Amino acid sequence: MNTMIRFRAISASSQSKFLFLLLRPKNPMANSSSLGLCTTATSQSPSPYGYGDDSLITEALQLLQSSQDEWSKTDHLRCLISLDSSSPRLAIHITRRLSSSSLAIRLFDYLHEGSPSLDTALLSSIFQAVLELASREPDAQTKLPELVKISKERNLPLTINSATLLIRYFRRFNMVDESLAVFNELDPFLRNTHVRNLLIDLLLQSGRLHDALHVLDEMLQPEGEWKPNEITVEIVFSSLLRRERSWGSMGEEEIVELALKFGEYGVSPNSVWITKLITGLSRNGKTARAWDILNELMNMGAAVEVASCNALLIALERHSEFKKMNALMEKMKEMDIQPNVVTFGILINHSCKYRRVDEALEVFERMNGGKESDAIAVQPDVIIYNTLIDGLCKVGRQEEGLGLVERMRSQTGCAPNTVTYNCLIGGFAKAGEIDKAHELFDKMNKEGVPPNVITLNTLVDGMCRHGRVTAAVNFVNEMQSFGLKGNANTYTVLINAFCNVNNTAKALELFDQMLAKGCPPDAIVYYTLISGLSRAGRLDDASSIASRAKEAGYGLDVVCYNTLIGGFCRQNKIDKAYELIKEMEELGVKPDSVTYNTLISFFSKNGSFKTAHIILKKMTKSGLVPTVVTYGAIIHSYCLNGKVDEAMKIFKEMCSASKVPTNTVIYNILIDSLCKNNDIEQALFLMDEMRCKGVRPNVTTYNAVFKGLKENNLLEKAFVLMDRMIEQACCPDYITMEILTEWLSLVGETDKLRDFLQGYQIQTSTA
DNA sequence: TTAGGGTTAG
C-alpha cells in the first residue's frame, strides 16, 4: 500500500517537472506545435506510468508506426518524449512498446541526435530498454552482441540492469566470452554481487575455473565493495563439489580455504556442502584437515548440522581416531547439535566392531532415554537393531540377538528385515547350530521377509564350516529352483570347502558349473581355486587357472604368486618358481617377505645355506626385514641337519641383536629338536623362557616335550606339565594321547591319565 | 546394518 502511494507521488512530481520543462522558453521544443498536445496530457486520468502518460505514449507510438522519414523529419516526436526531462521514464516505456529493436535503436538515435548534450545515464537507461526489447526477439542471439557493439561505438556505458540482462541471456547460449566482455565493460562500481554471481555461475558451468576464481577473488578482498552472499557460496560449492569423487582441477585445500574465507564474511556453505567437503577430505585420507575445518566453521558460527558431524565421526572411526570421536561428541554438545539416529548408529557400530557389545548396548539404552539426566531420546531404527544383533551374534551371543528381535517387534514401525535374519542366521550357523539357522530361514520365509543371496551364502558357509559340504551343495541347488540363485561368493564358499577336504576334482567341477550357469567368477574365486590346487600339489591345474584368471583380467597379486611359488618349491621344482619370480618382476609385482622366506626355506631345507644366505641378503637389500619366519626357516634347517647348537646360536642372535619377537612355532622347532637330541634340560629351559615371555605353548610344544620326557622317564615333570596343559585349556590331540597312554600304562599310572582327561571334561562343562 | 578366498618356518 505504502509503495503504491509513493509511486504515485513520484509520478505526479515528475509529471509536473515534465510540464514545467515543456513550458520553459529556453527549451527549443517549447515553442513548437507540440505545446497544445503536451498540455492536454495534464487532463488525462492516472495511468500506471503517471498521470496522462498513456495518451502521450499512444500518440508517440502512432507516430512511430509511420515511416521513419516522416517522424524523423519533425521535432514533434522529440517534443512529445522530451528527453530533457531528468526522468527517462516516458522514453523507456515507449521504447519497450515498440514493435522491434531496430525501430527502437532508430528512435534512440533520433532522440540522441536531437539532444546531443543529454546525460549519458539517461541514454543508458533508454538503451537498456532497447536491449530488453531485443532480448525478446527470436534473433536475440545475434542482435544482443550487435547492440553491445553499438553501445561501445557510441561510448554508452551499460547500466547494471543491461549487464545482468545480457549475461543472463548469454548464459542460456553458453556465450562465455561475450559475458565476460560485458562484465569487463561495466563500470567497476556497478559490478555488484548479483552480476558477479551470475558471471561466476556461468564461468564455472563452462569449466572456466580460473576466470571464475578471479571474479570471486575480488569479492573476497577486504577493501572490495561487493561481498559474497549466500547465493555466491551456493553457486561456487555446488559447482566445485558436484562431482562425487573428483573435485575437478581445484585442489581440495583450495576449496577448504575458500570455505573458510567465505566464513569470514559471515556466509558459509550450507550443511550439504559442508558434509560433502568433510566426506571428500576424509576419503582422501585428510581426516585431520576435515576435523580442523569443521571446528573452524563451528567456531565461526556457520550452520553446521548433525549430518556433517556424522560424516566426520565416520571418518574418525575409520582412521581409529577414537579420542577425537569423543571430542567431537563433546563439541556437538557444546554447540547444541543434537545427535540423531545416524550418530548413534556410528557409535554402536564402532563398539560392535571392536567386540565391545556391552558398550554398544549401553549406547542403545542411552538413546532410548536411559537413566542419565542428559540422555537424548532418539527412536532406534531397524539399522540400529541390526547392528546390535550382528554385534551380539559375532561374539557368540546369538540368543541375546533373538531377544532383541522381540524388543524390535514391540516397537511400532520396526520389524525385522532380511538383514536382521541374515545376522541371526550367521550367528547360529557359525556356532554350529545349523538346524537353528535353517529354522530361522524357514521362519523368515513364513513371515514374508525375503531371503537374499547373502542369506543363502551365510547359511551355506555355516554348513560348509561344520562338515555339511554335500548338504550345502544340495541346498544351493534347491534354492536355485526356487529362484534364489547363488553368485561368485556362493561358489567361493563351496570351492574352498571342497579344497579343504582335498576334493579338488569337485572344486574344479563347481568352477565349471558356475561358468556354465553364466555366473561370472571374480578374483577371489580364482585365487581360492589356485590356492586349493597348489595345496593339493596340482600345480599344473593351479597354473592353468592362474592363466585363465589373467585372461579374465584378474592379474595375480603377490599372495597368489607366493601360493604358486610355495607349491612348486614343495615339489622341488625351483625352475618353475624362478619362472614365476621373473614374471613378477616383468609385471611389477614386488616380492614380499613371504616370497623371500619361501625361497630361503627351500634352499635351507636342501642344505644350500649359502644360496639361502644370498637370498637373505637380497631381501634386506630390497628394504625387507627378516621376520620370525625367516629365522624359523633357517633355524629349522640347521636343526634338521643336526646342528642344534648352531640353530640355538641363531635363535639367540634373533632375540638379542635383531630383536625379532619370538612365537610358539619357533620355540616348537627348537624344543622338538632339543628333545630329539636328548637335551631335555635345554628344552625345559626354553619352555620356562616361553612362560616368562608370555609365549603360549600349544599342543605341538607339549607333544614334543612329552616325547622327550618319556625317553628320559621324567614322570614327575610330565605330571606338572599335564596339569599346566589343563590350566591353559590346551587340548591334547591323538599324538598326546598316544604318547601318554603308552607311557603311563607302562608305568602303571593310568589313574593320572584318567584325571588328566577328566580335567578337560570339567573344563568343557564349566566353559 | 548382513555373506566369500589365498602365501612362508613346527
Side-chain angles (χ1 to χ4, degrees), chain A residues 342 345-346 348-349 352-353 380-391 393-394 416-427 429-430 451-462 464-465 486-497 499-500 521-535 542 546 556-567 569-570 591-602 604-605 626-637 639-640 647 663-673 698-701 703-704:
Chain A
V342 178
I346 297 163
I348 289 173
N349 194 27
C352 287
K353 193 169 135 189
D381 61 6
V382 67
I383 296 178
I384 297 280
Y385 276 106
N386 289 349
T387 310
L388 275 170
I389 291 167
D390 188 51
C393 287
K394 288 229 162 84
N417 63 13
T418 306
V419 176
T420 321
Y421 275 103
N422 289 352
C423 297
L424 287 166
I425 288 170
K430 276 210 171 66
N452 60 15
V453 71
I454 298 179
T455 324
L456 176 76
N457 293 344
T458 308
L459 201 41
V460 167
D461 183 54
C464 288
R465 279 178 203 273
N487 59 12
N489 199 324
T490 323
Y491 283 99
T492 303
V493 172
L494 293 174
I495 287 170
N496 191 40
C499 286
N500 285 339
D522 60 9
I524 297 179
V525 180
Y526 283 111
Y527 298 167
T528 305
L529 203 47
I530 291 167
S531 162
L533 292 165
S534 298
R535 275 182 287 147
L556 307 189
D557 62 3
V558 65
V559 178
C560 216
Y561 277 110
N562 289 343
T563 308
L564 288 164
I565 292 167
C569 282
R570 274 193 298 275
D592 64 4
S593 56
V594 176
T595 324
Y596 285 106
N597 289 345
T598 308
L599 294 172
I600 290 167
S601 166
F602 172 81
S604 304
K605 243 183 236 166
T627 67
V628 66
V629 181
T630 322
Y631 282 100
I634 297 167
I635 287 169
H636 185 215
S637 298
C639 287
L640 288 175
N663 66 9
T664 310
V665 176
I666 205 155
Y667 271 109
N668 289 352
I669 296 167
L670 287 165
I671 288 171
D672 185 53
S673 199
N698 61 16
V699 67
T700 314
T701 329
N703 289 348

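Computed from a predicted model, the values in this text were never measured in an experiment. Note on naming: letters A, B, ... go to the chains in the order of the sequence lines (proteins, then strands), and numbering restarts at 1 for each one.
- Side chains of A:Thr387 and A:Asn349: a donor-acceptor N/O pair is absent below 3.5 angstrom, by distance only.
- Using a 3.5 Å distance cut-off with no hydrogens or angles, the side chains of A:Asn452 and A:Thr418 do not pair a donor with an acceptor.
- Judged by atom type and distance alone, A:Thr700 reaches the base of B:dG10 through a side-chain donor-acceptor pair under 3.5 Å.
- Side chain of A:Ile454, nearest nucleotide from B:dG4, B:dT7, B:dT2: B:dT2.
- In this model, no side-chain donor or acceptor of A:Thr492 finds a partner on the base of B:dG5 within 3.5 Å.
- One donor-acceptor pair, N or O on each side, does fall under 3.5 Å between the base of B:dG4 and the side chain of A:Asp522.
- Within 4.0 Å of A:Val558, counting heavy atoms only, lies no atom of the nucleic acid at all.
- In this structure, A:Tyr631 places its OH atom 18 Å from P of B:dA9, rounding to the nearest Å.
- Residue A:Asn452 places no side-chain atom within donor-acceptor reach of the base of B:dA3, judged by atom type and a 3.5 Å distance cut-off alone.
- Across the protein-nucleic acid pair, A:Leu599 atom CG and B:dT7 atom P stand 17 Å apart, rounded to whole Å.
- You'll find a donor-acceptor pair under 3.5 Å spanning the side chain of A:Asn489 and the base of B:dA3, going by distance alone.
- Side-chain N/O atoms of A:Thr664 and A:Asn698 include no donor and acceptor closer than 3.5 Å.
- In this structure, A:Leu564 atom CG and B:dG5 atom C1' are separated by 14 Å, rounded to whole Å.
- Side chains of A:Asp522 and A:Asn489: no donor on one and acceptor on the other come within 3.5 Å.
- Atom-to-atom, CG of A:Asn668 to C1' of B:dA9 comes out at 11 Å; the value is rounded to the nearest Å.
- When rounded to the nearest whole Å, the span between OH of A:Tyr561 and P of B:dT7 equals 17 Å.
- Separating the NZ atom of A:Lys605 from the P atom of B:dT8 is a distance of 10 Å, rounded to the nearest angstrom.
- Here the C1' atom of nucleotide B:dT1 and the CD1 atom of A:Ile346 are 13 Å apart, to the nearest Å.
- Among B:dT7, B:dG4, B:dT1, the nucleotide with an atom closest to any side-chain atom of A:Val559 is B:dT7.
- When distances run from any side-chain atom of A:Cys423 to the nucleotides B:dA9, B:dT1, B:dT2, the shortest one goes to B:dT2.
- Contact annotation: A:Lys353 side-chain N/O to B:dT2 OP1/OP2 distance is not under 4.0 Å.
- Between the side chains of A:Thr458 and A:Asn422, not a single donor N or O lies within less than 3.5 Å of an accepting N or O.
- A straight line from OH of A:Tyr527 to C1' of B:dG4 spans 14 Å, rounded to a whole angstrom.
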